Amino acid sequence: MRLLLPLTVFMLCVFVSIVGCEQAMRQPIMEMVTPPQDPPEMVTPPQDPIEIDSLEKARAAIESVNERRTETYQKAEETGDFSIVFTASEEIFKNELGFRKELWVDLVEIYRQENIGNAARLQGLENLEDAFAEKVLNDTLGMFYFTYISAFDPLIVEYLRLSFQFPEKSEEELLALFRESVTDEKTVVIFP
């Protein structure tokens, strides 16, 4: 169960690389998709000035990500080729945040593991995965990909906040701190 999202993403990438999606992705857009303007608030707002500054930096970084997502989406919309959003997404994380490939998937997996006893949160993840799978089957995922992936932005903001607050920490140490944040419910993801 906890490997369902990474497996779904992997299957999508394999499907796209084997079958391609140029023809299906040229369908007209039935609804406009825009990235969220502001990520949802953390459950517990920080009180420490260093923590507040780190959070502001993290929010500014995710705003840059959202600007790039919007630019990429607009290019895809202009050309009618939404297959570009899949590779662009990882490139945006790498270029804007310095993330290694699929770091966001690790953050989601930690979130899943730490909420294994919370049926409502796990149901939210499953609902998102079901919607994701439906778009894959309809060959329209590219049109909605940034909307779905932006649901995880609060996790990314928390990880970034920690990296700004503790710049001397390694990725492994930051992931351990992130796990504590999720366990302490300092960050919660609200799925559409």
Side-chain angles (χ1 to χ4, degrees), residues 1-14 17 35-36 38-72 85-118 121-122 124-126 128-129 132 145-146 148-191:
M1 181 61 71
R2 60 177 128 145
L3 295 178
L4 187 57
L5 181 62
L7 181 60
T8 303
V9 170
F10 175 74
M11 289 175 22
L12 169 68
C13 292
V14 170
S17 66
D38 294 315
E41 293 296 319
M42 294 176 29
V43 172
T44 308
Q47 303 300 319
D48 179 18
I50 294 172
E51 211 173 321
I52 291 169
D53 184 52
S54 297
L55 179 59
E56 289 172 3
K57 289 178 182 177
R59 287 182 175 159
I62 204 70
E63 183 58 34
S64 293
V65 166
N66 283 325
E67 288 171 10
R68 292 278 312 278
R69 285 173 177 164
T70 300
E71 291 169 10
T72 301
V85 300
F86 303 114
T87 54
S89 183
E90 287 292 338
E91 286 299 312
I92 291 168
F93 284 147
K94 179 182 174 188
N95 295 335
E96 296 297 320
L97 307 177
F99 278 18
R100 67 169 165 77
K101 188 172 183 169
E102 297 186 1
L103 176 61
W104 70 273
V105 175
D106 292 346
L107 299 177
V108 173
E109 184 56 28
I110 290 170
Y111 185 82
R112 179 188 307 279
Q113 291 169 2
E114 295 306 310
N115 284 294
I116 201 75
N118 188 321
R121 291 196 187 147
L122 289 180
L125 278 170
E126 289 174 14
L128 185 65
E129 290 167 353
F132 193 88
Y145 187 70
F146 287 141
Y148 289 121
I149 201 167
S150 67
F152 299 112
D153 285 356
L155 301 180
I156 294 169
V157 167
E158 178 61 11
Y159 180 84
L160 289 171
R161 182 191 69 77
L162 292 166
S163 70
F164 288 127
Q165 187 172 351
F166 305 103
E168 74 285 354
K169 302 277 186 195
S170 68
E171 180 182 303
E172 184 178 323
E173 292 170 314
L174 289 171
L175 288 173
L177 290 171
F178 176 78
R179 184 177 297 277
E180 289 176 23
S181 288
V182 173
T183 302
D184 295 342
E185 296 185 356
K186 287 188 176 181
T187 188
V188 175
V189 176
I190 308 298
F191 295 99

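This one's a predicted model, so the numbers in the text were calculated from it and none came from an experiment.
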Exercise for the section: Rounded to the nearest 0.5 Å, what's the gap from CZ on F93 to CZ on R69? Could you check? Expected result: 4.5 Å
Problem - Straight-line distance of I92 CD1 to N66 CG, nearest 0.5 Å - result: 9.0 Å
Practice task
Please report the shortest heavy-atom distance between L162 and L177, naming the atom on each side.
Solution key: CD1-C, 3.7 Å
Exercise for the section: Please name the pair of heavy atoms, one in L175 and one in I110, separated by the smallest distance, quoted to 0.1 Å. Expected result: CD2-CD1, 3.9 Å
Practice task
Indicate yes or no: at least one non-hydrogen side-chain atom of V65 is less than 4.5 angstrom from one of F146.
Solution key: no
Practice task
Could you tell me the separation between the CD1 atom of I156 and the CG atom of L107, rounded to the nearest 0.5 Å?
Solution key: 6.5 Å
Exercise for the section: Might you point out which heavy atoms bring L97 and A61 nearest each other, and give the distance in Å? Expected result: CD2-CB, 3.7 Å
Handout entry: Polar side-chain atom of E90 near backbone of E102 as donor-acceptor pair, under 3.5 Å
Key = yes
Fill in the blank from the handout: Output for pair (R179 CZ, D106 CG), nearest 0.5 Å, gives 10.0 Å
Problem - Side-chain heavy-atom pair E171, Y159 within 4.5 angstrom cut-off - result: yes
Problem - Residue pair L125 / F152, side-chain heavy-atom distance below 4.5 Å - result: yes
Handout entry: Test item: S89 side-chain N/O and V85 main-chain N/O as donor-acceptor pair under 3.5 Å
Key = no
Problem - For the student: nearest non-hydrogen atoms of S181 and E158, plus distance - result: OG-OE2, 2.6 Å
Completion exercise
Minimal heavy-atom distance between Y111 and L155, with the atoms involved, is CD1-CD2, 3.4 Å
Handout entry: Gap separating the CH2 atom of W104 from the CZ atom of F99, nearest 0.5 angstrom
Key = 11.5 Å
Problem - Heavy-atom donor-acceptor pair, S170 side chain to E173 backbone, under 3.5 Å - result: yes
Practice task
Decide, yes or no, whether a salt bridge links R59 with E56 under the criterion of side-chain N to carboxylate O below 4.0 Å.
Solution key: no
Completion exercise
From the list E114, E185, E126, salt bridge (Lys or Arg N to Asp or Glu O under 4.0 Å) partner of R121 resolves to E185
Problem - Which atom of R161 lies closest to which atom of A58, heavy atoms considered - result: N-CB, 3.6 Å
